[in-house]
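Read the structure below first, then the notes.
Proteins come first, then strands; the chains are lettered A, B, ... in the order of their sequence lines, and each starts at number 1. Predicted model, so just to flag it, every value in this text is computed and none were measured.
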2 protein chains.
Amino acid sequence: MPRGGKRSGAGRPKGTGKYSESTKAIRVPESMVERILEFAHSGGFKLPLYGGKVAAGCPAPTDDYIEGMLDLSEHLIHDPASTFFVRVTGYSMINAGIHPDDILIVDRSLQANHGKIVIAAIDGELTVKRLYKKQGEVRLMPENDDFEPIEIGSEETLHIWGIVTNVIHTV
Amino acid sequence: MPRGGKRSGAGRPKGTGKYSESTKAIRVPESMVERILEFAHSGGFKLPLYGGKVAAGCPAPTDDYIEGMLDLSEHLIHDPASTFFVRVTGYSMINAGIHPDDILIVDRSLQANHGKIVIAAIDGELTVKRLYKKQGEVRLMPENDDFEPIEIGSEETLHIWGIVTNVIHTV
DNA sequence: CATGTTGATAAAAGTACATTATTCTAGGCT
DNA sequence: AGCCTAGAATAATGTACTTTTATCAACATG
């Protein structure tokens, strides 16, 4: 009892797979297999970013008012090779929105211009301050009235590790 | 002229590959191949996190004072399915370190308890406020003296989208 | 004619295998 | 003895192939 004959048009349709897209076999370290599968499945850790206005009384996030999909690493880190994090200690930059235990995103490849917030090493202590650099004078300015500016004279050497681009604060 | 004989001990040693680790072939969407290879190669977007103390006069980040390697997505997002981002507008939470254009990380799965900073929808407008919830009274408290608390009476319905866990501020 | 069943078809997923890359040893050479 | 080299050994890599999964057209059935 054959049900023979041509079957053109039959077959599994395209895009019916896990990713709705054709896939490729690649080789990755065994220890990362799980994370990479999660990464691939969630579309690269991208999550929705919502803007200000939403439908009246809307009880939950809706796609209507989405600004886009955002990946934190992609958004905050432009050059992984020159970026690192620093954990904040102390209150000297509180008026710049930098609190103790915050994590700073620091880029080593940016120019240390006047007015930038920098990570500097002074006497073996890591410090975050706003850089003042005008008319040959160099100072590290705190943003808290309880602290004094640090004057960088000819004796001291200023080692600037990098420029702060973002502050991550835990509420 | 055979150079025959045993060659025990010969052969390519383990861990001499790109990842210094044995690998596994997995299948990923074609459009993500590049990003995933970058992801795998950089060890999962992990970057160094430095603590407070460093060697005296040390001119550049050294491994000696590293706290660990950190991946932003992993550190800030505990449940991708219930997490989203919201862009801040307005100054009503400035004293909580939440500035206009900051990005908030919001978790929908957390309890909206008294004192938490929440994302709520009021009259079609998305708003971030501190939740006051005591003795049957519910209020949305700004953290800026120029703004008034919002009383939630029996007429209004409060739609809480989620709890703010982190603030990302661009300096 | 409507409905159900079966096997043809084709994509997706996973894996084994062939290929490539790397290192090391034994034997030859100086 | 020390240096050089062919090729033996083995891990790493990429891809071809096999297995699995999904859908649909043709046929049978009521």
Practice item. Produce a footprint string for nucleotides 13-21 of chain C: one letter per nucleotide, 5' end first; B if the base is under 4.0 Å from any protein heavy atom, S if only the sugar-phosphate is, - if neither. Key: BBBB----B
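Remark: nothing in residues 35-45 of chain A comes within less than 4.0 Å of DNA chain D through any heavy atom.
Among residues two or more places apart in sequence or in another chain, the side chain to side chain donor-acceptor pair (under 3.5 Å) test is passed with A:Ser42 by none.
Applying the 6.0 Å contact sphere to NZ of A:Lys46 captures more than 12 heavy atoms from other residues, nucleotides or ligands. Within 6.0 Å of atom CD in A:Glu137, more than 12 heavy atoms from other residues, nucleotides or ligands are found, so the atom counts as buried in its surroundings. The environment of B:Asp79 atom CG is dense: over 12 non-hydrogen atoms of other residues, nucleotides or ligands sit within 6.0 angstrom. Under a cut-off of 6.0 angstrom, the local environment of OH in B:Tyr91 is sparse, with at most 12 non-hydrogen atoms contributed by other residues, nucleotides or ligands.
Residues A:Met93 and A:Glu143 approach most closely at SD-N, 3.5 Å, considering heavy atoms.
For A:Phe84 and B:Tyr50, the gap between ring centers is short of 6.0 Å.
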